[in-house]
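Quick notes on the structure that follows.
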There are 2 protein chains.
Amino acid sequence: MFCHVAPRPRNAEATRAAILTAARERFARESYDDVGMRDIAGDVGVDAALVSRYFGSKEDLFVSVLDSCDNGGELMAGDRGDFGRRIAHEVIYEGKSESKLKGLLILLRSIGSTKAMELVQRTGNERFFNPFAAWVGGPDGAVRARLAAAFIMGMTVSREITGGFGLSPRECEEMERRMAVILQDVIDA
Amino acid sequence: MFCHVAPRPRNAEATRAAILTAARERFARESYDDVGMRDIAGDVGVDAALVSRYFGSKEDLFVSVLDSCDNGGELMAGDRGDFGRRIAHEVIYEGKSESKLKGLLILLRSIGSTKAMELVQRTGNERFFNPFAAWVGGPDGAVRARLAAAFIMGMTVSREITGGFGLSPRECEEMERRMAVILQDVIDA
DNA sequence: CCATTAAGTCACCGGGCGTTGACTAGCGGC
DNA sequence: GCCGCTAGTCAACGCCCGGTGACTTAATGG
């Protein structure tokens with residue numbers, strides 16, 4: 001029987017990396033609770049036991065995933081005067097594909113889970129809010145950072161809830177324009 | 001043994017209402033997946049089987065809960081010129097207690113759950129987005145409604161993530177002021 | 001005061017989860 | 001060309017979940 005068509009060469013490091021990648025994508029698409037060890041293992045083509053072996057508990061794996069994507073860093077990379085336009089475009093149009101905001105998406109997905117909440121809170125503050133607030137700076141930097149972050153998260157949530165935005169292309173453009181202005185105002189003022 | 005201290009008088013209607021209330025509060029505090037039938041039953045002081053009996057499946061119960069709180073209606077009640085201030089105050093200060101936005105909070109809590117997602121989407125659109133968009137009205141009403149709703153949701157999520165906002169009272173005031181202005185601008189323009 | 005009916009409980013099922021220890025199979029060194 | 005080591009599998013465990021049918025108990029009407 002030619003069962004195993006591509007038996008995956010034995011390489012612990014590569015397999016470990018593949019698991020981590022698969023887990024990252026899963027956690028970006030589903031919540032902490034909805035993602036199963038067997039799902040992740042299935043994506044890679046290995047047994048679920050191997051995932052536990054390599055990463056310890058599911059919570060440990062989640063931490064490893066959070067470690068593996070530099071949360072928030074993507075927000076601050078780029079021209080500051082273009083922040084609003086850049087983020088608005090990212091959130092509205094690039095959200096579906098390989099978004100640079102994947103780290104944020106993972107955090108948002110698992111908001112509801114009490115099991116992941118503590119990790120989400122800590123990671124969100126340490127790697128997202130605090131650096132972002134510092135980057136925003138100026139008078140009431142923390143306040144303005146929180147407003148901007150909330151807006152970005154809210155738009156992301158809105159997109160996820162409605163599956164896209166359910167708006168015409170023209171309306172999407174208008175929304176992008178308005179979102180960019182609001183964001184930029186918050187950052188600048 | 002005086003085990004049953006208050007044996008709850010036998011009244012199906014009252015018990016049913018008590019279960020519904022308990023479920024509503026549970027779903028407002030935890031996600032769909034994290035809330036168990038046994039939890040709700042325990043809050044009321046009855047057996048979990050009774051919850052199933054009265055409301056059918058867990059999903060049916062969730063629907064009943066969503067039906068029981070008039071989502072979004074609270075948003076549009078009040079002076080339109082005061083919308084920004086009213087909602088900002090509600091989200092920033094009254095969120096912890098018995099918020100009038102509980103219906104929205106329930107939807108937000110269960111975003112991650114694939115099991116509840118469909119219901120959340122439908123309810124969110126039917127009872128929240130669409131009436132709100134109509135209420136906002138004017139040019140690009142749908143777009144502006146979505147922006148405002150996203151901002152409100154984002155601020156709520158931000159509050160939940162960080163457990164309060166972790167800001168000084170002065171900063172909270174500043175945030176409230178800024179949030180009110182942004183919201184009002186979106187509604188007006 | 002008892003029979004009937006509805007309100008509520010109890011034990012239990014099937015299923016899915018994360019996790020573990022025993023096992024198998026492929027690769028590197030002698 | 002065999003051996004040991006390790007990557008990977010397999011079966012199973014314990015747990016908790018939502019849901020169901022049989023049972024018990026309290027109120028009610030005659």
Side-chain angles (χ1 to χ4, degrees), chain A residues 1-23 26-27 30-65 110 112-119, chain B residues 1-23 26-27 30-65 110 112-119:
Chain A
M1 302 280 260
F2 293 80
C3 301
H4 311 87
V5 286
R8 169 179 288 279
R10 294 203 160 196
N11 182 338
E13 214 168 318
T15 302
R16 200 190 136 95
I19 290 174
L20 193 62
T21 299
R26 278 271 174 189
F27 282 126
E30 299 168 68
S31 78
Y32 180 82
D33 295 310
D34 281 346
V35 173
M37 303 292 261
R38 287 168 174 86
D39 299 328
I40 299 170
D43 290 343
V44 184
V46 297
D47 193 272
L50 203 64
V51 181
S52 282
R53 256 209 197 308
Y54 279 168
F55 291 92
S57 69
K58 182 181 180 182
E59 200 172 311
D60 292 337
L61 172 60
F62 191 63
V63 172
S64 296
V65 165
S110 296
S113 166
T114 53
K115 271 178 267 183
M117 180 96 81
E118 197 183 339
L119 287 168
Chain B
M1 302 283 258
F2 293 80
C3 301
H4 310 87
V5 286
R8 172 179 287 278
R10 291 199 163 197
N11 181 338
E13 214 168 315
T15 302
R16 200 189 137 95
I19 290 173
L20 193 63
T21 299
R26 276 272 174 190
F27 282 125
E30 298 167 69
S31 78
Y32 180 83
D33 294 311
D34 281 347
V35 173
M37 303 292 259
R38 289 168 173 86
D39 298 328
I40 299 170
D43 290 343
V44 185
V46 297
D47 193 273
L50 204 63
V51 181
S52 283
R53 256 204 198 307
Y54 280 166
F55 291 93
S57 69
K58 182 183 180 180
E59 199 172 312
D60 293 337
L61 172 59
F62 191 63
V63 172
S64 296
V65 165
S110 296
S113 165
T114 53
K115 271 177 266 181
M117 180 96 81
E118 196 183 340
L119 286 167

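Not measured: the values here are computed from a predicted model. Per chain, numbering begins at 1; letters A, B, ... match sequence-line order.
- In this pair, B/Phe62 and B/Phe27 present their aromatic rings perpendicular. The plane angle is above 60°, beyond the 30 to 60° band.
- With rounding to whole Å, A/Asp39 atom CG is found 14 Å from C/dT19 atom P.
- Using a 4.0 Å heavy-atom distance criterion, B/Val35 is classed as a sugar-phosphate-only contact.
- Taking atom CG of B/Asp33 as the reference point, atom C1' of D/dG18 lies 12 Å away to the nearest angstrom.
- Residues A/Phe55 and A/Leu20 form a side-chain contact, since some pair of their non-hydrogen atoms from C-beta on lies under 4.5 Å apart.
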Could you list the protein-to-nucleotides 4-7 of chain D atom pairs, N/O on both sides, closer than 3.5 Å?
| unit_1 | atom_1 | unit_2 | atom_2 | d |
| --- | --- | --- | --- | --- |
| D/dA7 | N3 | A/Arg10 | NH1 | 2.9 |
| D/dA7 | N3 | A/Arg10 | NH2 | 3.2 |

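- Of the listed nucleotides (C/dC17, C/dT9, D/dG19), C/dC17 has the atom at the smallest distance from the side chain of A/Arg38.
- Of all nucleotides listed (D/dG18, D/dT9, D/dG21), D/dT9 comes nearest to the side chain of A/Val46.
- For the pair A/Asp47 CG and C/dA25 C1', the computed distance is 14 Å after rounding to whole Å.
- Although no hydrogens or angles enter the test, the distance criterion places no donor-acceptor pair under 3.5 Å between the side chain of B/Ser113 and the main chain of B/Asp33.
- The closest side-chain heavy-atom distance from B/Tyr32 to B/Leu119 is not below 4.5 Å.
- Protein atom CZ of A/Phe55 is 12 Å distant from nucleotide atom P of D/dG8, rounded to whole Å.
- Look at CZ on B/Phe62: it is 16 Å from C1' on D/dG18, rounded to the nearest Å.
- Spacing between atom CD1 of B/Ile19 and atom C1' of C/dA7 amounts to 11 Å, rounded to whole angstrom units.
- Both B/Glu13 and B/Ala49 lie near DNA chain C, and the one whose nearest nucleotide falls closer to the 5' end is B/Glu13.
- Using a 4.5 Å heavy-atom threshold, the side chains of A/Leu50 and A/Val44 count as separate.
- B/Lys115 has its side chain out of reach of B/Glu59: every pair of non-hydrogen atoms, C-beta onward, lies at least 4.5 Å apart.
- Side-chain atoms of A/Asp43 never come within 3.5 Å of backbone atoms of A/Ala22 as a donor-acceptor pair (strictly under, hydrogens ignored).
- Between the P atom of C/dA7 and the CZ atom of B/Arg16 lies a distance of 12 Å, rounded to the nearest Å.
- The residue A/Val44 sits apart from the nucleic acid: no heavy atom pair falls under 4.0 Å.
- Set against D/dG19, C/dT19, C/dT20, the side chain of B/Lys58 has D/dG19 as its closest nucleotide.
- Nucleotide C/dC10 holds its C1' atom 16 Å from the CE atom of B/Met37, rounded to whole Å.
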